[in-house]
Amino acid sequence: MQQNIRVRYAPSPTGFIHIGNLRTALYNYLFARHNNGKLILRIEDTDQSRKVEKAVENIIDTLQWVGIEYDEGPFKEGDYAPYFQSQRLKIYYQYAKILIENKKAYYCFCSEERLNAIRQEQQLRKVPVAKYDKKCLSLTEQEISDNLNQKLPYVIRLNVEPGRTIKFNDFIRGEVQILSDLIDDQILIKSDGFPTYHLANVIDDYLMKITHIIRGEEWLPSTPKHILLYEAFGWELPVFAHLPLLLNKDRSKLSKRQGDVSVEDYKNKGYLPEALINFIALLGWNPKDEQEIFSMNELIEKFTLEAVHKSGAIFDIEKLNWLNGEYIRKKSNFELLILLREELSKSKYNNNDYSDEYLIKVINAMKPRITFIKEIYEKGYFFFEEPESFDKDLINKFSTTQYTEILNTYLKEIKNIQELTKEDLENLIKYIVDELKIKKANLIQPLRLAISASLEGPSITDIILTIGKEKTIQRINKFIEKLTE
RNA sequence: GCUCCCAUCGACUAGUGGUUAGGUCAUCACUCUUUCACAGUGAAGACACGGGUUCGAAUCCCGUUGGGAGCGCCA
């Protein structure tokens with residue numbers, strides 16, 4: 001690869017980061033790190049009307065949360081600052097002026113009404129491609145300066161020469177070509193003086209010395225416009241690489257209508273950043289071996305643009321769920337303790353009611369059976385509170401004198417044990433089973449029900465060991481009352 | 001409508017002219033377990049279709065079909 005690789009992630013601050021954009025950011029990051037290059041974060045805030053408060057902060061926080069570090073950008077000024085497009089307005093205007101002088105662009109004073117009229121008329125005629133009719137291109141120098149002096153609102157448009165074939169080589173898709181006749185005289189500078197995406201993007205990529213433009217496939221159709229701009233300025237083309245799209249279940253572009261799409265949503269649902277990154281990395285790229293779990297460093301080591309796919313990938317959370325569980329199981333109890341306390345602080349339970357020692361025991365018991373951290377206290381709620389509601393059918397099932405006897409025997413025996421150990425509890429079960437000549441399940445099931453209101457979950461000895469003798473006795477007593485009611 | 005892009009199990013993918021088409025998730029079964037999970041073993045499940053090229057095509061070419069994206073003073 002060539003030296004001094006520079007790539008950029010260029011979101012517009014219109015809300016939370018979209019999961020598809022996160023993948024774009026990730027691939028840019030992986031590509032940069034793999035090649036000892038730099039990742040630039042540039043904020044494309046040229047649409048004032050769509051600006052959202054705190055969006056930039058959220059973008060930066062989200063990148064940090066998932067572990068994508070940029071080398072230059074807001075609050076990390078490099079040689080090409082500023083990194084907010086809204087602070088670079090003069091630059092764009094200067095370059096637009098150059099284009100006008102070279103006749104590559106022109107002033108357009110057409111009103112919105114006229115533009116709409118043209119569009120409508122073209123639709124009526126079923127013209128294949130609706131385009132601006134280049135009316136203002138034929139304005140004389142005099143007319144233009146008169147209009148400007150009168151302060152008539154204007155835009156600056158790209159003058160697209162018809163009859164040309166624009167070719168470019170996409171790193172992922174190979175050669176792509178399109179006829180210039182199909183390209184509209186794109187607006188470069190809006191009437192509010194702000195540049196459009198196309199202009200600002202090309203200028204900044206050039207000025208910031210971006211070598212590889214890695215972005216979503218939705219940009220593929222507008223790439224010829226950008227090429228035309230590079231040509232008009234006489235600039236060398238960067239490498240274009242258009243990433244396949246992330247898709248909904250129905251194969252349309254991943255959108256809010258069909259589920260959660262912001263990284264924030266997934267964070268709030270309890271997905272671990274490692275799992276999300278791992279999952280998203282594999283949507284459109286594959287290291288061609290049979291490994292499934294990758295740390296960020298492994299991704300960096302293995303990532304190449306050559307191995308990126310062409311076709312879109314459905315964002316299906318089934319595998320993400322599995323990964324989340326895997327990452328939970330890989331974590332140490334101490335790491336999980338910190339995460340659990342965080343979740344607990346957002347729950348109805350009070351962190352102060354449970355010691356670290358206690359929570360570690362709970363974590364150990366619940367770890368193999370959860371997908372999300374919060375399931376530790378959701379599925380394992382009996383570790384955090386006394387179960388109140390019991391399934392009627394289950395109560396009925398165990399409402400016989402035989403089960404009451406079994407439980408009473410257990411109660412009597414456990415009271416005799418001074419300090420509970422795993423061994424004691426297991427021996428106790430054996431002892432009672434032998435003594436009463438019953439099946440193991442006939443003791444354990446009612447016991448489990450009494451203590452946890454469920455027939456599923458961690459081993460009964462682990463539960464008893466965790467909640468302690470006192471609570472165990474209390475719950476069994478209460479349960480016997482319920483059975484004999 | 002027009003332009004461009006894409007096409008292997010339900011999902012993510014390996015595969016670049018010769019494979020019993022491999023793996024992971026999900027599904028199902030079995031083993032382990034008091035149970036649920038975890039873990040392990042196994043099963044089922046795909047080359048969109050039609051033509052070429054070739055001794056031989058998932059792989060190369062053409063067409064069809066299907067899907068997607070884009071066609072804004074939004075990015």
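Numbers restart at 1 for each chain; the letters A, B, ... are given by sequence-line order, proteins then strands.
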Worksheet entry | Residue A:S252, side-chain atoms from C-beta onward, closest of B:rC36, B:rA75, B:rA69 | B:rA69

Worksheet item: With a non-hydrogen cut-off below 4.0 angstrom, is A:G325 in contact with a base, only sugar-phosphate, or nothing?
Response: nothing

Worksheet item: Looking at B:rC12, B:rC6, B:rA75, which one has an atom nearest to any side-chain atom of A:R251?
Response: B:rC12

Worksheet item: Are any non-hydrogen side-chain atoms of A:Q186 and A:Y132 less than 4.5 angstrom apart?
Response: no

Discussion item. Please classify the nucleic acid contact of A:Q291 as base, sugar-phosphate, or nothing, using heavy-atom distances under 4.0 Å.
Written reply: nothing

Response to the item:
Test side-chain hydrogen bond (donor to acceptor under 3.5 Å, both in side chains), reference A:R215, set A:T223, A:T24, A:N28, output is A:T223

Item to complete: Send over the distance from A:E426 CD to B:rU33 P, rounded to a whole Å.
Response: 13 Å

Worksheet item: Below 4.0 angstrom from OP1 or OP2 of B:rG70, is there any side-chain N or O of A:K253?
Response: yes

Practice prompt. Between B:rU59 and B:rG50, how far apart are the P atoms? Round to whole Å, please.
Written response: 12 Å

Worksheet item: Between B:rA75, B:rC25, B:rU13, which nucleotide has the shortest distance from any of its atoms to the side chain of A:R50?
Response: B:rA75

Worksheet item: Quick one: is A:H309 getting a side-chain N or O under 4.0 Å of the B:rA14 phosphate, OP1 or OP2?
Response: yes

Discussion item. Could you tell me if A:Q258 and A:S255 have a donor-acceptor pair between their side chains, going purely by distance under 3.5 Å?
Written reply: no

Item to complete: Write down the distance between CG (A:L254) and P (B:rA11), rounded to a whole number of angstrom.
Response: 16 Å

Worksheet item: Within 45° of the ring axis of A:Y27 and under 6.0 Å from its six-membered ring centre, is that where the NZ or CZ of A:R23 lies?
Response: yes

Worksheet item: Does the ring center of A:F315 lie less than 6.0 Å from the ring center of A:F279?
Response: yes

Discussion item. Could you tell me the Watson-Crick or G-U partner of B:rA57, where both distances fall under 3.5 Å? Say none if there is no partner.
Written reply: none

Discussion item. Given B:rC12, B:rA75, B:rA39, identify the nucleotide with an atom nearest to the side chain of A:E326.
Written reply: B:rA39

Worksheet item: Between B:rU3 atom P and A:K131 atom NZ, what is the distance in whole Å?
Response: 13 Å

Discussion item. Let me spell it out: for each of A:L282 and A:T461, pick the nucleotide of RNA chain B with the closest heavy atom. Which residue's pick is nearer the 5' end?
Written reply: A:L282

Worksheet item: Given B:rC73, B:rC5, B:rA14, which nucleotide is nearest the side-chain atoms of A:V176?
Response: B:rC5

Worksheet item: Are any of A:H242's side-chain N or O atoms less than 4.0 Å away from OP1 or OP2 of B:rC5?
Response: no

Worksheet item: At under 4.0 Å, does any side-chain N or O of A:K190 touch on OP1 or OP2 of B:rA75?
Response: yes

Discussion item. Under 4.0 Å, counting only non-hydrogen atoms across every strand here, what does A:I178 touch: a base, just sugar-phosphate, or nothing?
Written reply: sugar-phosphate

Discussion item. How many whole angstroms separate atom CG of A:N248 from atom C1' of B:rC12?
Written reply: 16 Å

Discussion item. Does the plane of the ring in A:F479 sit parallel, tilted or perpendicular to the ring in A:F390? Use 30° and 60° as the thresholds.
Written reply: tilted

Worksheet, complete the sentence: Which of B:rC12, B:rC2, B:rU35 is nearest the side chain of A:S459? It is B:rU35

Worksheet item: Considering only side-chain heavy atoms of A:L182, which listed nucleotide, B:rU13, B:rA75, B:rU3, is closest?
Response: B:rU3

Response to the item:
salt bridge (charged side-chain N to carboxylate O under 4.0 Å, His left out) with A:D133: of A:R157, A:R114, A:R119, only one passes, and it is A:R114

Practice prompt. Using the P atom as the reference point in each nucleotide, state the distance between B:rA39 and B:rG1 in Å, no decimals.
Written response: 50 Å

Worksheet item: Counting only distance, no hydrogens or angles, is the base of B:rC73 paired donor-acceptor with the side chain of A:S191 under 3.5 Å?
Response: yes

Worksheet, complete the sentence: B:rU35 -> Watson-Crick or G-U wobble partner, both distances under 3.5 Å, gives none

Response to the item:
Per nearest nucleotide of RNA chain B, the residue lying toward the 5' end, A:D316 or A:E218, is A:D316

Fill in: Any A:K319 side-chain N or O less than 4.0 Å from OP1/OP2 of B:rC12
no

Fill in: Between B:rC36 (P) and A:I444 (CD1): distance, integer Å
13 Å

Fill in: Pairwise P distance for B:rA46 and B:rG40, with rounding to whole Å
26 Å

Worksheet entry | Protein-nucleotide distance (A:K330, atom NZ; B:rC38, atom C1'), rounded to Å | 16 Å

Worksheet item: Between A:L199 (CG) and B:rC73 (C1'), how many Å, whole number?
Response: 13 Å

Worksheet item: From B:rC74, B:rA39, B:rC5, pick the nucleotide closest to the side chain of A:R329?
Response: B:rA39

Discussion item. Rounding to an integer number of angstrom, what distance separates B:rC55 and B:rU65 when you compare their C1' atoms?
Written reply: 31 Å

Practice prompt. Among the candidates B:rG22, B:rC36, B:rC6, find the nucleotide nearest to the side-chain atoms of A:E290.
Written response: B:rG22

Worksheet entry | Partner nucleotide of B:rA44 by Watson-Crick or wobble geometry (both distances under 3.5 Å) | none

Worksheet item: Does A:S311 place a side-chain N or O at less than 4.0 Å from the phosphate oxygens OP1/OP2 of B:rG68?
Response: no

Discussion item. Looking at A:K440, I'd like to know whether one of its side-chain N or O atoms comes within less than 4.0 Å of OP1 or OP2 on B:rU34.
Written reply: yes

Practice prompt. Please give the nucleotide sitting opposite B:rG1 as a Watson-Crick or G-U wobble pair, both distances under 3.5 Å, or none.
Written response: B:rC71

Worksheet item: Looking across every strand, which nucleic acid part, if any, lies under 4.0 Å from A:C110 by heavy atom: base, sugar-phosphate, or nothing?
Response: base

Discussion item. For B:rC36, does the base pair up with any side-chain atom of A:R369 as donor and acceptor (N or O, under 3.5 Å, distance only)?
Written reply: yes

Discussion item. Can you see whether A:N21 engages A:Y9 through a side-chain donor-acceptor pair at a distance of less than 3.5 angstrom?
Written reply: no

Discussion item. For B:rC49, give the paired nucleotide (Watson-Crick: N1-N3 plus N6-O4 or O6-N4; G-U: N1-O2 and O6-N3; both under 3.5 Å), or none.
Written reply: B:rG63

Fill in: Nucleotide nearest A:Q445 when distance is taken to its side chain, options B:rU34, B:rC73, B:rC36
B:rU34

Item to complete: Rounded to the nearest angstrom, tell me the gap between atom CG in A:N169 and atom P in B:rC4.
Response: 16 Å

Worksheet item: Hey, is the main chain of A:Y266 close enough, under 3.5 Å, to the side chain of A:D260 for a donor-acceptor pair?
Response: no

Worksheet item: Looking only at side-chain N and O atoms, does A:R448 come under 4.0 Å of OP1 or OP2 in B:rU33?
Response: no

Worksheet item: Considering only the P atoms, how many Å lie between B:rA43 and B:rU35, rounded to the nearest integer?
Response: 26 Å

Worksheet item: Below 4.0 angstrom from OP1 or OP2 of B:rG15, is there any side-chain N or O of A:K288?
Response: yes

Worksheet item: Hey, does A:E318 reach any base, or is it just sugar-phosphate, or nothing, if we go heavy atoms under 4.0 Å?
Response: base

